[in-house]
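Since this is a predicted model, take the numbers as computed values, not measurements. Start at 1 and go down the list; that is how both ligands and their atoms are numbered. One is the number of the first residue; the rest follow in order along the sequence.
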Amino acid sequence: MYDIVFVSKVFTFSKGYDFPIYTKEIIKGGTGYDLDNKLPEEVESICPDYSLYGIKNTAYGFLTRGCFRNCPFCIVSRKENQRSTKVADLESFWRGQPNIKLLDPNLLACADRVELLHQLLESNVLVDFTQGLDARLLDDETMYLLTKIKSKRFHFAWDFESESDAIIKKLQDFKQYSGFDKKKLSVYVLTNFNTDFSFDLYRVYRLKELGYDPYIMIYDKPNALRNVRLLQRWVNNKFIFRTVEKFEDYNPKLG
Ligand code: SF4
């Protein structure tokens with residue numbers, strides 16, 4: 001019999017573990033269950049035991065938590081904090097592995113961003129900003145540091161119509177500053193939340209013009225309209241997207 005079993009899930013729609021467990025105690029947590037059950041500070045900040053999952057070449061972790069934007073489709077501000085704050089130094093979860101996967105929700109919103117970007121730069125290994133970067137917060141210093149950090153791809157996001165001018169301006173700045181090819185520059189395009197299809201299409205074409213690779217994200221996908229799902233198939237399958245210029249020419253029967 002186990003002394004204690006921890007069960008977690010990320011999404012409310014994820015299946016739980018509904019089978020009998022031979023244990024004295026079960027603790028359930030994670031955003032899929034609720035936002036209240038938090039890990040003790042010493043557990044939250046411990047270096048992960050990567051050997052449990054046979055992970056040798058990649059370090060995973062958070063340097064910051066929280067985000068001030070409070071986007072209505074996102075749980076981060078409610079779950080963590082309505083402010084991005086530093087929670088760790090890189091060395092707390094990185095032990096020289098050749099890859100770092102950062103899970104920070106909005107690193108650029110943190111007051112300590114420059115110090116943290118320096119830590120990533122000095123690691124001199126490949127960094128993946130898995131949750132994307134907030135283009136609206138780019139400035140000369142962060143652009144300089146980001147372009148010096150080794151990374152295969154930079155992801156940004158363009159979610160709302162109201163912020164289009166600010167986002168386009170910063171994407172133009174970053175493109176010009178970095179000179180990176182679109183293979184290295186990607187933008188998440190949120191659909192099926194509060195945008196109409198014409199704005200979805202506009203963002204795809206505009207990003208292409210700006211030299212960025214759009215990537216369609218669908219909110220509440222099971223209830224998305226067919227057009228939105230086709231848009232996702234057309235845009236996210238890069239072979240099709242590069243060979244079929246216009247959405248109206250995309251024939252889903254061919255791919
Ligand atoms: S900016 Fe990103 S992390 Fe922050 S609330 Fe919006 S979606 Fe969430």
Atom 6 (Fe) of ligand 1: which protein N, O or S atoms are under 2.8 Å away? C71 SG

From the list L137, L116, D139, side chain to side chain contact (heavy atoms under 4.5 Å, CB included) with L108 holds only for L137

Among all residues two or more places apart in sequence or in another chain, which pass the side-chain hydrogen bond (donor to acceptor under 3.5 Å, both in side chains) test with K169? D173

Less than 3.5 Å apart, which donor and acceptor atoms pair up between the side chains of residues 179-187 and the rest of the protein, not counting sequence neighbours?
from: D181; atom 1: OD2; to: K183; atom 2: N; distance (Å): 2.9
from: K184; atom 1: NZ; to: S151; atom 2: O; distance (Å): 3.2
from: S186; atom 1: OG; to: D213; atom 2: O; distance (Å): 3.4

Sequence neighbours excluded - salt bridge (charged side-chain N to carboxylate O under 4.0 Å, His left out) pairs with any residue from residues 187-204: D200-R203

Give a yes or no on whether a salt bridge exists between R65 and E44, defined as a side-chain N under 4.0 angstrom from a carboxylate O. yes

Please confirm whether the ring centroid of Y188 lies under 6.0 Å from the ring centroid of H155. yes

